Amino acid sequence: MDNMLLVKKIAELKKKKNAIILAHFYQTSDIQDMADFVGDSLALAQQAEKTDADIIVFAGVHFMAETAKALNPNSKVLLPDLEAGCSLAESAPADKFKDFLDEHPGHKVISYINCTAALKTMTDIVCTSSNAVQIVESYDKEQKIIFGPDKNLGDYINKITGRNMVLWNGTCEVHDILEAEKIVEMKIQNPEAKLVAHPECAPAVLELADYVGSTSGILNFTANSDNQNFIVATESGILHQMQKQSPNKKFIIVPSDETCSCNDCPYMKLITMQKIYDCLLNETNEITLTEDVISKSLIPINRMLEISRKHKII
Ligand code: 13P
Ligand code: SF4
């Protein structure tokens with residue numbers, strides 16, 4: 001089926017089944033344009049919490065769909081490809097993380113939302129890259145904290161807040177491979193360009209950046225800046241909204257290697273229009289969580305949403 005027909009059929013199914021499509025900024029542009037809502041991890045969780053749809057089709061990755069399920073257990077949450085995981089979530093198996101916590105008694109546990117629901121059940125509070133500073137600062141300076149699974153984000157937040165959180169050694173395979181040397185070359189070739197970077201990038205990359213933030217933070221920065229040219233150190237999908245919001249500005253993605261001028265998350269890009277249609281039609285690929293996991297993971301997720309509301313972070 002061609003894409004135009006798929007979009008039409010998905011719209012018909014959505015109406016018939018009272019379904020919505022939530023999509024992350026790293027989805028392909030056709031999916032972003034068809035979705036009911038496109039956003040970063042925090043905004044997607046906020047949307048999942050407030051929707052009264054009977055079905056949520058999550059155009060994103062597994063941990064995002066799990067979070068949506070915990071926040072809205074009465075909705076059926078469908079992930080169009082169940083293989084759409086995340087290297088960060090996979091870097092922190094629940095049993096190993098539990099051992100890590102046991103080695104550090106007396107610590108509060110902050111987990112980046114990019115982790116499994118099982119890991120969230122062992123957590124005091126969840127954060128995203130939009131609210132990590134405010135979440136960390138909700139604890140006294142003296143409080144000992146474990147942060148996982150992303151060591152790059154944890155290291156960046158340590159520097160910003162002057163904390164010394166103990167970091168789990170996980171990385172995002174898409175951001176961590178971006179090279180500072182390559183970016184220096186790009187800056188020399190584009191001296192007027194500002195560098196924007198996601199905090200999952202390595203410290204050497206973040207030190208070069210003019211702005212570091214979540215996907216929505218980066219997007220807002222490029223839209224509101226007077227600058228015309230940007231070097232973008234994150235996943236290529238974000239370029240779609242950047243170009244839509246600022247059609248006259250120039251965006252150059254930091255490539256993941258010499259063979260392409262792109263940087264794609266292999267998990268995010270497993271989602272296709274055809275798979276969205278198929279799972280909505282057949283109501284397959286449902287995300288299920290036990291009641292125990294839902295109730296335990298909701299505690300740290302809700303604390304995060306509460307602090308985000310307090311600071312008006314959306
Ligand atoms: P954001 O919360 O910034 O959208 O990040 C999600 C993600 O997976 C980044 O790799
Ligand atoms: Fe996970 Fe990285 Fe892909 Fe985000 S970009 S979903 S952190 S692997």
Side-chain angles (χ1 to χ4, degrees), residues 22-28 31-32 35 37-48 58-68 79-92 110-116 119-120 126-135 147-154 156-157 168-178 196-202 205-206 209 211-222 232-242 253-256 262-271 301 304-305 308 313-314:
L22 301 182
H24 188 262
F25 288 130
Y26 294 163
Q27 293 294 296
T28 53
I31 294 175
Q32 291 189 38
F37 182 83
V38 190
D40 70 2
S41 311
L42 175 64
L44 288 166
Q46 289 164 331
Q47 288 295 319
F58 217 109
V61 291
H62 201 273
F63 75 82
M64 296 177 174
E66 277 188 342
T67 305
L79 183 62
D81 189 321
L82 290 172
E83 297 297 311
C86 167
S87 67
L88 271 170
E90 277 150 36
S91 81
I110 303 181
S111 71
Y112 188 33
I113 198 166
N114 298 39
C115 67
T116 59
L119 201 116
K120 290 182 178 83
V126 170
C127 75
T128 75
S129 39
S130 283
N131 56 25
V133 168
Q134 289 81 1
I135 300 287
F147 185 94
D150 188 11
K151 71 169 179 194
N152 289 343
L153 174 64
Y156 177 70
I157 301 297
W168 175 264
N169 188 17
T171 54
C172 160
E173 65 182 50
V174 178
H175 289 85
D176 194 51
I177 55 166
L178 302 181
V196 293
H198 196 279
E200 290 170 14
C201 294
V205 170
L206 299 180
Y211 177 81
V212 177
S214 65
T215 48
S216 56
I218 292 174
L219 189 57
N220 291 339
F221 180 84
T222 59
V232 180
T234 190
E235 211 267 4
S236 310
I238 193 74
L239 294 181
H240 181 56
Q241 298 296 330
M242 285 179 173
I253 196 86
V254 179
S256 49
C262 62
N263 181 29
D264 287 333
C265 170
Y267 311 104
M268 287 280 182
K269 292 321 199 253
L270 283 175
I271 310 298
I301 295 171
M304 169 188 80
L305 293 177
S308 303
I313 306 169
I314 44 160

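Since the model is a prediction, treat every value here as computed from it, not as a measurement. Because only heavy atoms are used, hydrogens play no part in the values below, and waters and symmetry mates are left out as well, while side chains stay in. Counting starts at 1 for both ligands and their atoms, in listed order. For the single chain, residues carry numbers from 1 onward in sequence order.
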Original post:
Which of the listed options, Asn114, Ile113, Val174, holds the heavy atom that is closest to atom 4 (Fe) of ligand 2?
Top reply: Asn114
Original post:
Of the backbone atoms (N, CA, C, O) and the side-chain heavy atoms from C-beta on, which set of Leu42 has a member under 4.0 Å from an atom of ligand 1: side chain, backbone, both, or neither?
Top reply: neither
Subject >> Glu235, portion touching ligand 2 at heavy-atom distance under 4.0 Å >> reply: neither
Original post:
Would Thr234 and Tyr26 count as a side-chain contact (heavy atoms from CB on, under 4.5 Å) if you check the C-alpha gap in whole Å, the side-chain angles of each, and the deciding distance to 0.1 Å?
Top reply: CA-CA 9 Å; Thr234 190; Tyr26 294 163; 2.7 Å; yes
Original post:
Using heavy atoms and a threshold below 4.0 Å, how should the contact between His175 and ligand 1 be classified: side chain, backbone, both, or neither?
Top reply: side chain
**OP:** Evaluate the side chain to side chain donor-acceptor pair (under 3.5 Å) criterion for residues Asp40 and Thr128: first the C-alpha distance (whole Å), next the side-chain angles of each, then the deciding distance (0.1 Å), finally the verdict.
**Re:** CA-CA 9 Å; Asp40 70 2; Thr128 75; 5.5 Å; no
**OP:** Examine the proximity of ligand 1 to Ser41 and report which part, side chain or backbone, both or neither, has a heavy atom under 4.0 Å away.
**Re:** both
**OP:** For atom 2 (Fe) of ligand 2, decide whether Cys86 has an N, O or S atom at a distance under 2.8 Å.
**Re:** no
**OP:** Ignoring hydrogens, just give me the one of Gly237, Ser87, Cys172, Gly60 whose non-hydrogen atom is nearest atom 2 (Fe) of ligand 2.
**Re:** Cys172
**OP:** State whether a side-chain donor-acceptor pair under 3.5 Å links Ser87 with Tyr267.
**Re:** no
Subject >> Shortest reach to atom 3 (Fe) of ligand 2 by a heavy atom, considering only Ala84, Cys265, Ser91, Pro149 >> reply: Cys265
Original post:
Is there at least one pair of N or O atoms, one from Thr128 and one from ligand 1, spaced under 3.5 Å apart?
Top reply: no
**OP:** Ignoring angles and geometry beyond distance, decide whether Glu200 reaches within less than 3.5 Å of ligand 1 through its nitrogen or oxygen atoms.
**Re:** yes
